[in-house]
Amino acid sequence: GHSMGGHGALKLAFSDPDAWVSVSAFSPVSNPTECPWGVNAFKSYLGTVEAGKSHDATLLLQSRGPFPQFDDILIDQGLSDQFLEEQLKPSSLSSAAAEVGQKMTLRHHAGHDHSYYFISSFIDDHIAFHAKRLRAAQGAQRVAAGLTVGGEFGTKSEHEGKPITCQAMVARGAKQPLSLETITVAPPQAGEVRVKVVANALCHTDIYTLDGFDPEGLFPSILGHEAGCIVESVGEGVNSVQPGDHVIPCYTPQCNRPNCIFCMSPKTNLCPTIRSTQGQGVMPDGTTRFSDTDGKPISHFMGCSTMAEYTVLAEISCAKIDKEAPLEKACLFGCGVSTGLGAVWNTCKVEIDSSVAVFGLGAVGLAVIQGAKMAGASRIIAIDINPSKFPAAIKLGATDCVDSSALDIPIQQHIATQMTPWGVDYSFDCTGNTDVMRAALECAHRGWGTSCVIGVAAAGHELSTRPFQLVTGRVWKGTAFGGFKSRTDVPKLVTRMMNGELPIDHYITHTFDGVDKTNQAIEALHSGDCLRAVVQY
């Protein structure tokens with residue numbers, strides 16, 4: 001709360017502390033029985049100031065505190081607030097807290113007054129403050145209800161070392177609906193982890209393969225690579241995760257071996273340790289862990305195969321995350337959202353006050369916009385042929401939106417001559433269309449512009465542009481998984497989400513229950529108004 005509302009928040013919390021998880025306030029009226037506002041209010045509404053003492057936050061804290069329910073109380077106060085000394089009296093509240101031993105963080109901010117601008121300057125801190133405590137309370141409730149992972153698998157699964165029979169959506173052929181089938185998932189071998197898939201988000205890469213455009217696409221196979229999972233059992237030699245851990249499967253592994261020049265280098269995240277077998281649809285030992293009811297093998301996909309209730313992963317593909325993170329949200333960090341953010345932060349390292357152009361406003365493109373805004377870009381141009389996507393782009397930080405299909409000149413010319421004098425500092429292709437990739441390059445700033453290819457083009461397509469575009473200073477680069485080192489960086493992204501620093505709820509536009517609803521999720525993804533469809537198993 002703020003001002004009188006800030007006092008209201010404190011009064012409610014101190015009157016019934018068991019009903020609340022956390023409390024914070026901006027510039028609260030801290031001791032209303034001792035200030036003109038409060039005196040007038042209590043006399044008008046309650047008849048006397050004495051009657052108001054049971055509603056005074058400072059007096060409540062003195063008489064009832066400390067409150068073990070609140071590990072901290074966050075108060076922000078501007079030092080240029082015109083009401084500070086006569087009306088607000090935060091020192092009275094601070095003294096009461098010290099007197100009873102209640103932890104309270106009172107932050108003073110020079111140059112800030114009583115305005116809403118003051119609130120907006122520090123609201124993110126308050127959101128993160130409450131989010132941390134809400135997550136902790138939610139975890140405690142799960143423990144009390146026996147819903148923790150330990151309650152499900154404990155330290156040893158009843159299926160450890162044995163095959164598991166479960167449901168999966170099997171891709172039997174290109175351009176065919178997925179088939180709901182009963183499959184057998186073999187136990188994990190050395191260096192492998194078997195997991196229960198809790199939630200799976202559909203990515204366009206899954207559809208790209210299902211539609212037959214992936215040169216490495218194999219059938220029959222189990223698709224899916226953007227998921228949140230719980231470790232069920234582990235194979236010999238696995239020590240980085242154990243049963244009950246929460247993990248995000250990552251198609252870009254991270255072996256972290258001292259002799260892996262890719263993992264040891266800060267320049268790349270492209271660990272090649274299991275790349276060859278992963279591309280062949282098998283585990284590192286060259287065999288599969290899936291079989292159908294006839295005992296025939298089913299291929300793996302991108303080292304993940306999360307369109308099944310259980311799957312087997314290489315240990316080096318498992319990013320262990322906080323157990324309190326909701327897997328139906330954290331799953332988004334398995335591919336698209338991480339890729340878009342990382343393209344901005346890692347691959348291009350967009351600076352404050354940069355100009356940016358983003359081609360394609362699906363989940364990846366919107367993540368680029370979100371990342372560019374967080375990086376401090378001052379102008380963000382969003383380009384798509386579907387104007388219905390523009391409101392979401394603007395909400396995340398786009399300053400300009402362009403429907404390239406409505407132009408009578410090429411989009412790169414429109415950006416580099418009409419919207420800007422020389423082009424943008426950074427451009428990003430999030431479409432997979434090679435013509436758009438060229439346009440993105442050619443709208444990059446003469447002399448220093450960088451263009452990043454994120455979208456995956458169909459098999460056989462090639463890039464083209466005039467060499468002069470590169471001779472005159474533009475840089476053309478690409479990114480995979482946004483340059484994030486999966487096992488190191490994905491847990492950090494999840495933590496930022498949990499702290500309120502990195503909101504991602506806006507990407508989830510459709511939800512479904514049950515692995516058998518995956519075809520419906522695919523239909524939603526094809527509809528044009530779906531960013532991410534999350535299927536919970």
Side-chain angles (χ1 to χ4, degrees), residues 21-22 71 124-125 127-153 193 195-203 224-232 240-252 254 304 306 309 311 313 315 317-342 345 363 367 370-371 374 481-482 484-509 511 513 531-537:
V21 171
S22 54
D71 67 328
D124 285 350
D125 292 346
I127 292 172
F129 176 84
H130 291 290
K132 179 180 179 180
R133 288 155 180 82
L134 285 167
R135 295 292 183 206
Q138 183 183 49
Q141 289 174 346
R142 287 174 177 169
V143 170
L147 298 177
T148 61
V149 174
E152 181 169 5
F153 292 122
V193 179
V195 299
K196 178 181 179 180
V197 182
V198 174
N200 181 72
L202 262 70
C203 174
H225 64 287
E226 196 170 287
C229 308
I230 300 171
V231 175
E232 178 270 336
S240 64
V241 295
Q242 60 185 1
D245 284 341
H246 287 199
V247 298
I248 302 297
C250 296
Y251 68 91
T252 300
Q254 182 185 1
C304 297
T306 52
E309 293 174 327
T311 189
L313 313 166
E315 178 187 12
S317 299
C318 295
K320 179 181 173 181
I321 65 169
D322 191 326
K323 289 183 180 180
E324 300 307 322
L327 291 172
E328 69 276 11
K329 296 180 183 180
C331 64
L332 299 190
F333 290 114
C335 184
V337 172
S338 297
T339 298
L341 296 172
W345 299 341
Q370 183 175 2
M374 293 174 70
F481 199 52
F484 284 119
K485 289 183 181 290
S486 54
R487 297 164 74 196
T488 299
D489 293 330
V490 168
K492 296 176 183 177
L493 292 173
V494 172
T495 297
R496 293 184 69 180
M497 174 197 74
M498 294 177 68
N499 289 341
E501 303 169 25
L502 184 56
I504 62 171
D505 289 15
H506 46 272
Y507 295 106
I508 303 174
T509 54
T511 58
D513 290 321
L531 295 176
R532 276 296 184 268
V534 175
V535 184
Q536 297 187 58
Y537 299 168

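Here the structure is a predicted model, which means the values were calculated and not measured.
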Any non-hydrogen side-chain atom of [X] less than 4.5 Å from a side-chain atom of [Y]?
X: Ser317; Y: Cys304; value: no
X: Leu502; Y: Leu341; value: yes
X: Lys492; Y: Phe484; value: no
X: Thr306; Y: Val195; value: no
X: Glu226; Y: Leu202; value: no
X: Lys132; Y: Ser22; value: no
X: Ile230; Y: His246; value: yes

Restricting to non-hydrogen atoms, name the atom on [X] and the atom on [Y] that form the minimum distance, rounded to 0.1 Å.
X: Met498; Y: Ala325; value: SD-CB, 3.6 Å
X: Gly500; Y: Ile127; value: CA-CG2, 4.5 Å
X: Ser486; Y: Thr252; value: OG-O, 2.7 Å
X: Asn200; Y: Gly224; value: OD1-CA, 4.1 Å
X: Val534; Y: Ala199; value: CG1-CB, 4.1 Å
X: Pro491; Y: Ile321; value: CA-CG2, 4.1 Å

For [Y], is there any backbone N or O sitting under 3.5 Å from a side-chain donor or acceptor partner on [X]?
X: Asn499; Y: Glu501; value: no
X: Gln254; Y: Arg487; value: yes
X: Thr339; Y: Cys335; value: yes

Listed by chain and number, what are the side chain to side chain donor-acceptor pair (under 3.5 Å) partners of [X], not counting sequence neighbours?
X: Asp125; answer: Arg107
X: Tyr537; answer: none
X: Glu315; answer: Ser240

How many angstroms lie between [atom1] in [X] and [atom2] in [Y], if you round to the nearest 0.5 Å?
X: Gln536; Y: Cys331; atom1: CD; atom2: SG; result: 8.5 Å
X: Thr311; Y: His225; atom1: OG1; atom2: NE2; result: 13.0 Å
X: Glu232; Y: Glu309; atom1: CD; atom2: CD; result: 13.0 Å
X: Arg135; Y: Thr495; atom1: CZ; atom2: OG1; result: 11.5 Å
X: Ile504; Y: Gln370; atom1: CD1; atom2: CD; result: 9.0 Å
X: Leu332; Y: Leu531; atom1: CG; atom2: CG; result: 10.0 Å

*Looking at residues at least two apart in the chain, or sitting in another chain, which of them share a salt bridge (charged side-chain N to carboxylate O under 4.0 Å, His left out) with Asp505?*
Lys329
_List the residues meeting side-chain contact (heavy atoms from CB on, under 4.5 Å) with Asp71, not counting sequence neighbours, and say none if there are none._
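Here the qualifying residues are Arg133.
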_List the residues meeting ring pair (Phe, Tyr, Trp, His ring centres under 6.0 Å) with Phe481, not counting sequence neighbours, and say none if there are none._
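Once residues adjacent in sequence are excluded, the partners of Phe481 under the ring pair (Phe, Tyr, Trp, His ring centres under 6.0 Å) criterion are Tyr251.
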